[in-house]
There are 2 protein chains.
Amino acid sequence: MPRAATTADVFNAIAEPRRREILDLLARAGELAVGALVEALRLPQPAVSKHLGVLRAVGLVSVKREGQRRVYAINAAELRPVHQWVSNYERLWTHQVDSIQRRAERRARMGSPTKKPNPQRKEVRS
Amino acid sequence: MPRAATTADVFNAIAEPRRREILDLLARAGELAVGALVEALRLPQPAVSKHLGVLRAVGLVSVKREGQRRVYAINAAELRPVHQWVSNYERLWTHQVDSIQRRAERRARMGSPTKKPNPQRKEVRS
DNA sequence: TGAGTATATGCTGACAAGGGCATATGTCAA
DNA sequence: TTGACATATGCCCTTGTCAGCATATACTCA
């Protein structure tokens with residue numbers, strides 16, 4: 001059994017950097033025709049169309065025909081499952097202070113030693 | 001150019017359902033040896049080891065040798081980029097009220113009509 | 001109708017994932 | 001040491017990706 005299809009779920013769909021880029025562009029602009037995306041991404045048109053196909057398949061974008069062009073818009077609600085899933089881990093990286101993490105934190109803010117990570121947080125549990 | 005490696009970044013790593021499941025289990029239990037994961041996932045041991053290998057490669061988990069077994073723990077901080085990325089879209093599914101979304105929203109909170117989703121939000125743009 | 005523009009689809013090739021299974025590596029206990 | 005246990009690695013196989021290029025489809029305007 002090979003890797004799951006990119007159209008299998010949102011998680012697989014957004015694994016592609018270009019597809020995330022497309023979503024970013026759409027979120028910013030509200031709506032965009034394929035041509036505009038092609039220009040912005042500097043990617044061959046067929047490639048863009050295919051990426052849009054994947055995003056369409058998982059419901060992340062919607063299309064609207066407008067004359068001879070197709071205008072795409074993001075359908076952010078589909079990202080909700082992802083948000084919910086990741087949010088479950090948020091408490092872990094705000095509370096938890098293990099060694100590995102420390103290194104990263106240190107690198108991030110090199111001046112303040114032993115900074116208290118805002119303590120008013122939702123209580124642990126799950 | 002084929003699909004990016006699963007070890008390329010966190011987004012690719014978490015595209016696999018089983019790997020997400022592993023993370024869930026680790027988050028819940030704090031620490032788990034491979035054997036425990038094998039039992040919980042009901043997956044052949046080599047498969048589990050390979051998934052753990054991917055998670056290790058992207059830094060999502062850390063290992064600790066403990067006698068003849070290896071105890072894994074989650075390193076949730078690495079999920080932060082994902083959280084940040086998705087969070088940028090949160091306002092879209094709380095503000096935006098297109099038809100598709102409406103159905104979902106309705107289902108979610110069946111009582112309150114035209115609820116004002118907290119308006120004090122970072123101004124759009126980027 | 002026909003040319004031109006905008007977008008989608010089909011096919012190919014290179015490549016890696018992921019399960020299965022065998023086996024290597026490492027650790028403990030007697 | 002030897003043997004049992006815990007985990008990692010290697011190889012095969014099937015399958016699906018993604019870019020590239022050519023082509024089909026769809027719409028618009030003369």
Side-chain angles (χ1 to χ4, degrees), chain A residues 1-23 25-26 29 31-74, chain B residues 1-23 25-26 29 31-74:
Chain A
M1 203 182 295
R3 201 166 175 178
T6 53
T7 57
D9 56 31
V10 183
F11 285 91
N12 278 281
I14 64 168
E16 248 291 326
R18 325 263 179 158
R19 282 196 286 266
R20 263 172 311 188
E21 216 173 330
I22 291 180
L23 292 179
L25 288 167
L26 288 178
E31 299 186 329
L32 283 178
V34 180
L37 287 169
V38 169
E39 222 182 316
L41 296 166
R42 288 146 138 298
L43 216 65
Q45 175 268 314
V48 175
S49 275
K50 282 173 195 167
H51 282 310
L52 287 170
V54 174
L55 293 174
R56 237 186 300 133
V58 296
L60 272 171
V61 298
S62 59
V63 213
K64 191 176 44 169
R65 320 185 67 124
E66 200 162 279
Q68 56 186 327
R69 79 191 56 176
R70 274 158 169 117
V71 180
Y72 281 83
I74 194 176
Chain B
M1 203 184 294
R3 198 165 176 180
T6 52
T7 56
D9 56 30
V10 183
F11 285 91
N12 278 281
I14 64 168
E16 249 290 328
R18 326 263 177 155
R19 281 196 288 265
R20 264 174 316 205
E21 216 173 330
I22 290 180
L23 292 179
L25 288 167
L26 287 179
E31 299 186 328
L32 282 178
V34 180
L37 288 169
V38 169
E39 222 182 316
L41 296 167
R42 288 151 141 294
L43 215 63
Q45 174 268 316
V48 174
S49 275
K50 282 173 194 168
H51 282 311
L52 286 170
V54 174
L55 294 174
R56 238 186 300 134
V58 297
L60 271 170
V61 298
S62 58
V63 213
K64 190 176 44 167
R65 319 186 68 124
E66 199 162 277
Q68 55 187 326
R69 79 192 55 176
R70 274 160 169 114
V71 179
Y72 281 83
I74 194 177

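By convention in this document, chain letters (A, B, ...) are assigned in the order of the sequence lines, proteins followed by strands, and residues within each chain are numbered from 1. No hydrogens, no waters, no symmetry mates; every other heavy atom, side chains included, goes into these values.
In this structure, L37(B) CG and L25(B) CG are separated by 6.0 Å, a value rounded to the nearest 0.5 Å. We find the CG-NZ distance between L43(B) and K50(B) to be 10.5 Å, quoted to the nearest 0.5 Å.
P44(B) meets the side chain to side chain contact (heavy atoms under 4.5 Å, CB included) test with P46(B), A47(B); sequence neighbours excluded. Remark: A57(B) engages T7(B) in a side chain to side chain contact (heavy atoms under 4.5 Å, CB included) (not counting sequence neighbours). Under the side chain to side chain contact (heavy atoms under 4.5 Å, CB included) criterion, E21(A) pairs with L41(A), not counting sequence neighbours.
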Could you give the side-chain donor-acceptor pairs of residues 63-72 of chain B under 3.5 Å, partners two or more places apart or in another chain?
{"from": "K64(B)", "atom 1": "NZ", "to": "E31(B)", "atom 2": "OE1", "distance (Å)": "3.4"}
{"from": "K64(B)", "atom 1": "NZ", "to": "E31(B)", "atom 2": "OE2", "distance (Å)": "2.6"}
{"from": "Y72(B)", "atom 1": "OH", "to": "R56(B)", "atom 2": "NE", "distance (Å)": "3.3"}
{"from": "Y72(B)", "atom 1": "OH", "to": "R56(B)", "atom 2": "NH2", "distance (Å)": "3.4"}

Mind listing the side-chain donor-acceptor pairs of residues 9-19 of chain B below 3.5 Å, one per line with the distance, residues two or more places apart or on another chain?
{"from": "D9(B)", "atom 1": "OD1", "to": "F11(B)", "atom 2": "N", "distance (Å)": "3.2"}
{"from": "D9(B)", "atom 1": "OD1", "to": "N12(B)", "atom 2": "N", "distance (Å)": "2.8"}
{"from": "D9(B)", "atom 1": "OD1", "to": "N12(B)", "atom 2": "ND2", "distance (Å)": "2.9"}
{"from": "N12(B)", "atom 1": "OD1", "to": "R3(A)", "atom 2": "NH2", "distance (Å)": "2.9"}
{"from": "N12(B)", "atom 1": "ND2", "to": "A15(A)", "atom 2": "O", "distance (Å)": "3.4"}
{"from": "E16(B)", "atom 1": "OE1", "to": "R18(B)", "atom 2": "N", "distance (Å)": "3.4"}
{"from": "R19(B)", "atom 1": "NE", "to": "A13(B)", "atom 2": "O", "distance (Å)": "2.6"}
{"from": "R19(B)", "atom 1": "NH1", "to": "H51(B)", "atom 2": "ND1", "distance (Å)": "3.2"}

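Checked options L26(B), L55(B), L32(B); the residue passing with I74(B) is L26(B) (criterion: side-chain contact (heavy atoms from CB on, under 4.5 Å)).
Following rounding to the nearest Å, L43(A) (CG) and dC18(D) (C1') show an atom-to-atom distance of 10 Å.
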Exercise for review: Let me have a per-nucleotide readout for nucleotides 6-16 of chain D, 5' to 3', with B, S or -, counting only protein heavy atoms under 4.0 Å.
Suggested key: SBBBBB---BS
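Using a 4.0 Å cutoff to heavy atoms of chain A, the contacted part of DNA chain C runs 5' to 3' from dG4(C) to dG18(C).
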